[in-house]
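Count residues from 1 along the sequence.
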Amino acid sequence: MPEKLRKLFEDHFKEKVVDLNPLPAHGSNREYFRLSNDKRSVIGAKNRDRLENDAFVSFSRHFLAKDLDVPEIYAEDLDQDI
């Protein structure tokens, strides 16, 4: 699965991932990874629950449009659970 996140990062930013490290789980089914290179560091998430993923993306975009302080979503591939 981290390779799908690596590909999404590289396709979106047009940059190579230098480090890809798992982050500790916090009681949900989501898996988090830090992907980074010398220009940026981002968090990638994997979750097999499509409905939860759809809701997360929708709510995040709505809150961002209302100028609320939420993490920016750079890219997603909901068909790949990321």
field: CG/Asn21: more than 12 non-hydrogen atoms of other groups inside 6.0 Å
entry: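 Above 12, so yes.
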Arg48 with Glu31: basic N within carboxylate O range, under 4.0 Å: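 The answer is no: the pair does not qualify as a salt bridge.
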message: Quick check on the hydrophobic clustering: are Phe59 and Val70 connected, directly or via other members, by side-chain heavy-atom contacts under 4.5 Å?
response: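 In one cluster with Phe59: Val70, yes.
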- prompt: When hydrophobic residues are tied together by side-chain contacts of less than 4.5 Å, even through go-betweens, does Leu78 share a cluster with Phe56?
  reply: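 Yes, Leu78 connects to Phe56 through the hydrophobic network.
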Compare every heavy atom of [Y] with every heavy atom of [X], then report the nearest pair and how far apart it is.
| X | Y | answer |
| --- | --- | --- |
| Ser60 | Ile73 | CB-CD1, 3.6 Å |
| Asp81 | Asn53 | CA-ND2, 4.1 Å |
| Pro22 | Phe33 | CA-CD2, 3.6 Å |
| Val18 | Asn37 | CG2-CB, 3.6 Å |

For the atom pair [atom1] ([X]) and [atom2] ([Y]), what is the distance rounded to the nearest 0.5 Å?
| X | Y | atom1 | atom2 | result |
| --- | --- | --- | --- | --- |
| Arg6 | Ile82 | CZ | CD1 | 12.0 Å |
| Leu35 | Lys16 | CG | NZ | 13.0 Å |
| Glu52 | Arg30 | CD | CZ | 4.5 Å |
| Arg34 | Leu20 | CZ | CG | 11.0 Å |

- prompt: Taking the side chain from Glu10 and the backbone from Val17, do they hold a donor-acceptor pair closer than 3.5 Å?
  reply: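 Yes, the answer is positive, given that a donor and an acceptor are paired below the 3.5 Å cut-off.
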query: Asn47 versus Asn29: any side-chain heavy-atom pair under 4.5 Å?
result: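 Side chain of Asn47 against side chain of Asn29, heavy atoms only: contact under 4.5 Å found.
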Residues that Asp79 engages under salt bridge (Lys or Arg N to Asp or Glu O under 4.0 Å), provided they are two or more places apart: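 Partners of Asp79 under the salt bridge (Lys or Arg N to Asp or Glu O under 4.0 Å) test: Arg50.
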task: Return the set of residues passing side chain to side chain contact (heavy atoms under 4.5 Å, CB included) with Ala75 (not counting sequence neighbours), or none when no residue passes.
output: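 By the side chain to side chain contact (heavy atoms under 4.5 Å, CB included) rule, Ala75 matches Leu8, His12.
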task: Would you please name every residue forming a side chain to side chain contact (heavy atoms under 4.5 Å, CB included) with Phe13, sequence neighbours left out?
output: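 Result, side chain to side chain contact (heavy atoms under 4.5 Å, CB included) vs Phe13: Phe9, Glu15, Arg40, Val42, Tyr74.
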